[in-house]
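Everything on this sheet refers to the single structure shown next.
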Amino acid sequence: MQHRLQDSQWWRPERLRQAQFEQLKALLRHAAATIPFYAERLQQAGFHRGMVLDEASWSQLPVLTRPEVQAAGNKLLSKDLPEHHGRRHEIRTSGSTGQPVRIVTSDLAQTWFRAVGLREALWQQRDFSGFFAVIRKFERSDMALPPDGEDLPRWGDQRTYPFPTGKAARLSLLASVAQQADWLMRKNPHYLLTYPSNLAALAQYCGDAGMRPSNLRQVLSIAELLPPETRTLVRETWGVSIADVYSCKEIGYLALQCPARENHLHVQSETVLLEVLDEQGRACRPGEVGRVVVTPLFNFAMPLLRYAVGDYAKVGALCDCGRGLPVLEQVQGRVRNMLTTPDGGRYWPSFGSRRFREIAPIRQHQFVQKSLQRLQGRLAVERPLTPEEETTLRAHILTRLPIPFEIDFVYVDEIPISAAGKLENFISEIDNPPPR
Ligand SMILES: [Zn+2]
């Protein structure tokens, strides 16, 4: 499988597309034959036996939304999984709004997932004898607790890394930022994997405290969108770069950072058909932003045909590294992380947070849009801000926003983590934004 991936990354886009559509045909035949939900959906979209499956016909299939998947439940399951796909596995996602989605996948799909995981390490030329540290949320709340976390004899399971690796350690995200920094200094790993929001808080803390783990070579960012300013922060604080991965829990890896260009994410076309669609449902061109719609090519246990993962991404041009895998230049947040202006404009807001520490002792922040005019700034601080500091902070934030919002500050001990285990810097509470 890894040999196949080594080879196919250099295929031209047309050849990759052709291979994807071959696999897609097999997936559609299987879905139509074994899942009444899809048989009906495909028929309604004009699909029939013997038709030519091409871009035009494929685009007629409606996008499958998360609420549809939740409502359909077991109706999306295939009763007849081909034997060589192995056993079924269940994945439960907590969902960013706490509404879980249940996904069933197979041994075969998981094997491809692990192969892409290994590809990521190979692309980034990771030294497998190094020490690998992970700070993340765990399903069980009693796992890898601070102050010491948990030590592990190797990086991951034998199937992902089918060769000897160095040691690893993991720490639960229940650890405070100070506990994480202390743990990181004691473990002094070569690699650190965590979520971008946590990474920003941790790097900020370490920068202020002058803490630099001397062995650290690279940071891996997963599960959330990585703001460019976090790359700068990590480079300035620890002198290392970030390897970013675009994934979602329901499906796994969607795109991996290019080994040659850090602002390019290469879609993992061998395992997933990823489309970026505009509001009319047309494919976006390079430079355009649209919603991400994916079809995992090897999950025959519960096919997801044109599933909208809820993210938006900017399409990039073909990469000059020579890989034919399509490029995403930036993956942007979910709709609930978009700021809405009174004229209906929508933005992924930036608050200029890199300057916050220069203005006042702010450890963490989160902004919440309460109305079309008003934002609430939740701040976790070392001491309450003076009125002058609040005024300076407000003025600084306003220079970054498209309109002069009213901003109130409230003080909290800690910014809560969302149901999906994420620390979101911005949340909109606007239910129905005005039409554009
Ligand atoms: Zn590239």
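We count ligands from 1, going down the list as the structure has it; atoms in each ligand are counted the same way. Worth saying up front: this structure is predicted, and the values here are computed from it rather than measured.
Protein contacts to the Zn ion (ligand 1) involving N, O or S atoms at a distance below 2.8 Å are Cys258 SG, His266 NE2, Cys319 SG, Cys321 SG.
Here the side chain of Gln20 pairs a donor or acceptor atom with the backbone of Ser269 at under 3.5 angstrom.
The salt bridge (charged side-chain N to carboxylate O under 4.0 Å, His left out) test with Glu270 is passed by exactly one of Arg119, Arg15, Arg17, Arg323: Arg119. Partner of Pro296 under the side-chain contact (heavy atoms from CB on, under 4.5 Å) criterion, out of Ile103, Ile251, Leu27: Ile251 alone.
Between Asp127 and Arg217 there is a salt bridge, since a side-chain N of the basic residue sits under 4.0 Å from a carboxylate O of the acidic one. Checked for salt-bridge contact, Asp107 and Arg88 miss the test: no charged N lies under 4.0 Å from a carboxylate O.
Aromatic ring centres of His365 and Phe356: separated by under 6.0 Å.
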